[in-house]
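To find a chain, count down the sequence lines: A is the first, B the second, and so on, and within it residues start at 1.
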2 protein chains.
Amino acid sequence: MKGTYTYVYPRPSVTTDCVIFGFDAQGLSILLIERGIEPFKGCWAFPGGFMQMDEDAETCACRELEEETGLKDVHVEQFCTFSEVNRDPRGRTVTIAHFALVKKSEVKGADDAAQAKWFPIDSIPPLAFDHDRILRVALHALREKIHFQPIGFELLPKVFTMPQLQDLYESILEVQFDRRNFANKMLMQGILTEVNDGTVRKGTRNPIKYSFNSEKYSQMKAKGFRLEF
Amino acid sequence: MKGTYTYVYPRPSVTTDCVIFGFDAQGLSILLIERGIEPFKGCWAFPGGFMQMDEDAETCACRELEEETGLKDVHVEQFCTFSEVNRDPRGRTVTIAHFALVKKSEVKGADDAAQAKWFPIDSIPPLAFDHDRILRVALHALREKIHFQPIGFELLPKVFTMPQLQDLYESILEVQFDRRNFANKMLMQGILTEVNDGTVRKGTRNPIKYSFNSEKYSQMKAKGFRLEF
DNA sequence: AATTATATGTGTAAAATCAACGCAAAACAT
DNA sequence: ATGTTTTGCGTTGATTTTACACATATAATT
């Protein structure tokens, strides 16, 4: 039934948008959807859509994410709400922006989906609406957050190497770390578990495999520990 | 005209709420409004209300703040959006929560306003809706933020002393600093200006007056400096 | 096949930062 | 008057950060 929802005062639309970060040997990238209709036809945009009355923002963001990219069970969190009066030419719209961190290597869907495509973070095409601003804020939020929360691991395979982890941090923070100091500091935190994958480690060129020990991290956090990077 | 706003799909109400922090010799406190009507009649709540179609969230939060407490020209920023389906018994409501930092000493209004009252942070009365949760999140956001942004000064008089500043940090972070180390670290940052108020400083018991040098801070920030506390 | 270059792991010493602490002087309390 | 409190200043040892060199097996080159 159309047009049956009537209110005493006008209300804005409420949507969610999702900035999807992925990481691989080529560095940090984001997943975008090409718009097939006006406005901003041909521009790229974050997956997102209207919040339903029976779901909260995070649920909505996850649902839209799956519907539009096939991605499931990924880390999603709200980072900012955008409410500028003219941000959407179709009408007053408030968007609760989220970012998603996906293990690009282990994930199906995404790229397969019709018009979804990964873009390296330094080659972003023209974006629809105010999505360029949203992206800047998302990047900033991710950078701030990774200093104190072990969310970087959400972007790596379950099992990873120290150089991979360092690449990730360097890509996100856009700084360079000394290899030895980085490894020391990381290992010192005590949240990495060395993974023994059966293969005998001969020579140093094939790196040690690690996994993130989330139980250990939870324990330490409960005791007042604060991750720092 | 009533009931003239009709939409194809249902829409939640969008409101803003404002957690107002103040600080004085008694420590950190927040400003609350007593509810005169159901639901939650007699409970206390943050000032807030419906977002108009011609204002964004921050504008709305500031407007409601002034309307309900008389407070103007204070630091206001968004920190989280709450969208749980049943957070408001009157109907589906999304609230964009802000926190305000007010220079309690220099401010008019506030307390004068009808049912507005300051409560020490450790003696908060029963709150309406999900405002207790919002308060916890607000406190957490403030604590996280003060480590890296000089927002604490928004809670102090323009001119303040080192012990005052230390009290502020200790109240918010709920830790104790060594007096001498705290002063050293603060002065080292280079964002404080010593204020010469004419009076000759004899003896050490009347403390040195400082003000926050925001120009200096902007310059340093532009050069990549990152405040730490 | 031999040679060279590259990626990875490990340790140490200097520098910088942090943490704990003592002392002196004027104001305040008694 | 006398003792207590508040404030400012500076020192020293501990901890953390930074800078840096070498050994080894794989990968690349010739």
Side-chain angles (χ1 to χ4, degrees), chain A residues 23-27 146-148 156-157 159-171 173-211 220 223-229, chain B residues 24-27 146-148 156-157 159-171 173-212 220 223-229:
Chain A
F23 177 79
D24 58 21
Q26 274 62 55
I146 203 175
H147 282 289
F148 304 106
L156 290 177
V159 172
F160 51 87
T161 70
M162 193 58 78
Q164 272 182 298
L165 186 56
Q166 180 169 353
D167 279 354
L168 173 66
Y169 273 79
E170 290 183 342
S171 294
L173 298 176
E174 294 189 305
V175 293
Q176 297 280 110
F177 296 107
D178 177 274
R179 196 161 45 85
R180 296 149 285 191
N181 294 339
F182 181 86
N184 280 337
K185 198 167 166 185
M186 263 302 167
L187 293 173
M188 204 81 74
Q189 307 279 346
I191 54 176
L192 295 188
T193 303
E194 199 164 322
V195 171
N196 195 337
D197 61 347
T199 66
V200 194
R201 267 187 35 79
K202 297 176 63 181
T204 65
R205 182 130 177 183
N206 69 335
I208 299 172
K209 309 273 200 318
Y210 297 97
S211 67
M220 296 173 73
K223 283 176 189 159
F225 158 85
R226 181 189 170 90
L227 177 67
E228 279 209 28
F229 254 91
Chain B
D24 59 20
Q26 275 62 56
I146 203 174
H147 282 290
F148 304 106
L156 290 177
V159 172
F160 51 86
T161 69
M162 192 58 79
Q164 273 182 299
L165 186 57
Q166 179 169 354
D167 279 353
L168 173 65
Y169 273 79
E170 291 183 341
S171 295
L173 298 176
E174 293 189 305
V175 294
Q176 296 279 110
F177 296 107
D178 177 273
R179 194 165 46 88
R180 295 146 286 191
N181 294 337
F182 180 87
N184 281 337
K185 198 168 168 187
M186 263 301 165
L187 293 173
M188 206 80 75
Q189 307 279 347
I191 55 176
L192 296 188
T193 304
E194 204 165 308
V195 171
N196 195 335
D197 62 346
T199 65
V200 194
R201 266 188 37 78
K202 298 176 62 179
T204 63
R205 182 135 177 183
N206 68 335
I208 298 173
K209 310 274 201 318
Y210 297 97
S211 67
F212 170 58
M220 296 173 73
K223 283 177 189 157
F225 158 85
R226 181 188 170 90
L227 177 66
E228 280 209 29
F229 254 92

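- Between dT10(C), dT8(C), dG8(D), one nucleotide has an atom nearer to the side chain of P207(A) than all others, and that is dT8(C).
- Whole-Å rounding puts the K185(A) NZ to dA19(D) C1' distance at 15 Å.
- Separation of atoms NE2 (H147(A)) and OH (Y169(A)) is listed at 9.5 Å; rounding is to 0.5 Å.
- Checked by distance alone, R205(A) brings no side-chain donor or acceptor within 3.5 Å of a matching partner on the base of dT24(D).
- Side chains of M162(B) and M186(B) form a contact here, defined as non-hydrogen atoms less than 4.5 Å apart.
- Rounded to whole Å, atom P of dT16(D) lies 14 Å from atom CZ of F229(A).
- Nearest nucleotide to the R179(A) side chain, out of dT8(C), dT7(D), dA20(C): dT8(C).
- With hydrogens and angles ignored, a donor-acceptor pair closer than 3.5 Å exists between the side chain of N181(B) and the base of dA20(C).
- In this entry the distance linking CE of M162(A) with P of dG9(C) reads 7 Å, nearest Å.
- Rounded to an integer number of Å, the gap from F182(B) CZ to dA20(C) C1' is 17 Å.
- One interatomic measurement links the two molecules: CG of L187(B) to P of dG8(D), which rounds to 9 Å at whole-angstrom precision.
- Ring centroids of F148(A) and F148(B) are separated by less than 6.0 Å, placing the two rings close together.
- One can place CE of M186(B) at 14 Å from P of dG8(D), the figure rounded to the nearest angstrom.
- Per the geometry, CZ belonging to R180(B) stands 11 Å off P belonging to dA20(C), to the nearest Å.
- For K185(A) and F229(A), the positive end sits near the middle of the six-membered ring, less than 6.0 Å away and at most 45° from its axis.
- Rounded to an integer number of Å, the gap from NZ of K209(A) to P of dG9(C) is 10 Å.
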